There are 2 protein chains.
Amino acid sequence: MSAREYLQQHKIQYTIEREEVVTYLMENLTHPTADEVYRGLKLMDSSVSRATVFNTLKTLAEHHAVSTLLIEEGVIRYDISTKPHAHFRCSRCGRIADVVVNSNASFCLPEGYSACNISYVIVGRCPECQEK
Amino acid sequence: MSAREYLQQHKIQYTIEREEVVTYLMENLTHPTADEVYRGLKLMDSSVSRATVFNTLKTLAEHHAVSTLLIEEGVIRYDISTKPHAHFRCSRCGRIADVVVNSNASFCLPEGYSACNISYVIVGRCPECQEK
DNA sequence: TTCACTGCAAATCATTTGCAAGGCC
DNA sequence: GGCCTTGCAAATGATTTGCAGTGAA
């Protein structure tokens with residue numbers, strides 16, 4: 001699906017900047033921060049401003065067109081992947097990887113609560129950072 | 001266990017300020033932010049400074065005496081509870097509740113990865129915020 | 001044309017840090 | 001006494017916002 005169609009599908013008004021941001025996310029499934037998206041676009045000769053990237057990502061998140069990952073202190077990472085999956089963060093190098101969830105854990109939600117989203121964050125060591 | 005013993009057990013040097021912070025966390029299992037801890041202590045006539053509360057919580061986390069919850073954008077919440085449990089956040093009022101995990105989900109960790117911590121965050125609606 | 005969106009710079013907010021003074025071992 | 005911790009205030013870094021100009025419908 002094109003970025004343009006993606007915006008349409010999520011009922012978000014089209015602008016060149018939004019298309020650029022969505023395209024970047026689609027081509028870089030690396031859970032980037034807003035600043036990483038900004039710097040990535042700059043390298044590709046985009047003229048978007050940093051504020052617009054931040055605002056655009058916030059808009060996309062509000063429309064559930066991207067999900068926000070709270071996986072690292074101090075920054076918000078964004079993910080345009082639609083399939084539910086868990087995230088792995090290496091405690092040494094900070095690398096973030098996708099992880100397939102085999103089965104859902106069952107939770108004892110107290111009476112009256114309802115869930116709409118469950119996220120899993122696994123912290124550990126990636127292959128390069130294993131203790132010898 | 002007293003706050004003093006708790007510090008000792010985690011090999012953290014004792015100071016009055018650290019004792020106050022730990023005591024606060026033990027008596028307020030509400031996943032407070034650093035600022036909430038600071039304001040709570042102020043109400044109890046403590047003389048700790050804001051920076052010390054931030055630094056103390058960071059120290060406690062580094063010694064694994066408290067866990068940091070990345071459950072809300074922009075702030076770090078702290079939890080002194082030792083039992084593994086999931087966290088629920090109401091998407092409307094922001095309330096955070098503990099949730100019992102019945103069974104662990106199984107994950108397909110790619111070859112070579114190792115996990116040391118898994119956290120679950122459930123976002124949804126609490127009883128007071130259910131749609132009618 | 002109209003109204004939402006962008007760009008810039010300034011503002012904000014949580015958190016961290018430098019440094020001098022104080023307290024624990 | 002030596003060293004670690006505190007307190008204050010200033011610094012930092014991510015994110016947001018005000019406002020005027022621009023572009024999409």
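Just so we're clear, the structure is a prediction, and the values are computed from it rather than from any experiment. Order of the sequence lines fixes the chain letters, A, B, ..., with proteins taken first and strands second; residue numbering starts at 1 for each chain.
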Counting C-beta onward and ignoring hydrogens, is there a side-chain heavy-atom pair between [X] and [Y] closer than 4.5 Å?
X	Y	answer
His87(B)	Asp98(B)	yes
Val75(B)	Asp35(B)	no
Glu20(B)	Met44(B)	no
Arg92(B)	Glu128(B)	no
Ile96(A)	Glu72(A)	yes
Leu60(B)	Ile80(B)	no

Between [X] ([atom1]) and [N] ([atom2]), how many Å, whole number?
X	N	atom1	atom2	result
Tyr38(A)	dT6(C)	OH	C1'	13 Å
Glu73(B)	dC13(C)	CD	P	16 Å
Leu41(A)	dT6(C)	CG	C1'	14 Å
Glu62(A)	dT15(D)	CD	P	14 Å
Glu36(B)	dT15(C)	CD	C1'	15 Å
Gln8(A)	dA25(D)	CD	C1'	13 Å
Arg39(A)	dT15(D)	CZ	C1'	15 Å
Leu57(B)	dT17(C)	CG	P	15 Å

Is Lys58(A) close enough to dT15(D) that one of its side-chain N or O atoms is under 4.0 Å from OP1 or OP2 there?
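So the side chain of Lys58(A) is outside the cut-off, no N or O lying under 4.0 Å from OP1 or OP2 of dT15(D).
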Detail all sub-3.5 Å separations between protein N/O atoms and N/O atoms belonging to nucleotides 12-14 of chain D.
| residue | atom | partner | partner atom | Å |
| --- | --- | --- | --- | --- |
| dA14(D) | O3' | Gly74(A) | O | 3.4 |

Each nucleotide N or O in nucleotides 1-7 of chain D that has a protein N or O under 3.5 Å away: list the pair and distance.
| residue | atom | partner | partner atom | Å |
| --- | --- | --- | --- | --- |
| dT5(D) | OP1 | Arg18(B) | NH1 | 3.1 |
| dT5(D) | OP1 | Arg18(B) | NH2 | 3.1 |
| dT6(D) | OP1 | Thr15(B) | OG1 | 3.1 |
| dT6(D) | O3' | Glu17(B) | OE2 | 3.4 |
| dG7(D) | OP1 | Ser47(B) | O | 3.3 |
| dG7(D) | OP2 | Ser49(B) | N | 3.1 |
| dG7(D) | OP2 | Ser49(B) | OG | 3.3 |
| dG7(D) | OP2 | Thr52(B) | OG1 | 2.5 |

Which of parallel (below 30°), tilted (30 to 60°) and perpendicular (above 60°) describes His85(B) and His31(B)?
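Answer is tilted, since the angle falls between 30° and 60°.
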Can you tell me which residue among Thr52(A), Val48(A), Thr23(A) is in a side-chain contact (heavy atoms from CB on, under 4.5 Å) with Leu41(A)?
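The option that passes is Val48(A).
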Judged by atom type as modelled, is there a donor-acceptor pair below 3.5 Å linking the side chain of Thr68(B) to the main-chain atoms of Tyr78(B)?
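Judged by distance alone, no pair lies under 3.5 Å.
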Using the C1' atoms of five pairs at each end, what's the angle between the two axes of the helix from dT1(C)-dA25(D) to dC25(C)-dG1(D), to 10 degrees?
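Axis-to-axis angle, ends of the helix: 40°.
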Is it true that the side chains of Glu19(A) and Tyr14(A) contain a donor and an acceptor less than 3.5 Å apart?
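A pair is found: one side chain offers a donor N or O, the other an acceptor, under 3.5 Å apart.
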Stepwise, does the salt bridge (charged side-chain N to carboxylate O under 4.0 Å, His left out) test hold for Glu36(A) with Arg77(A)?
CA-CA 9 Å; Glu36(A) 284 167 2; Arg77(A) 293 188 169 277; 3.3 Å; yes
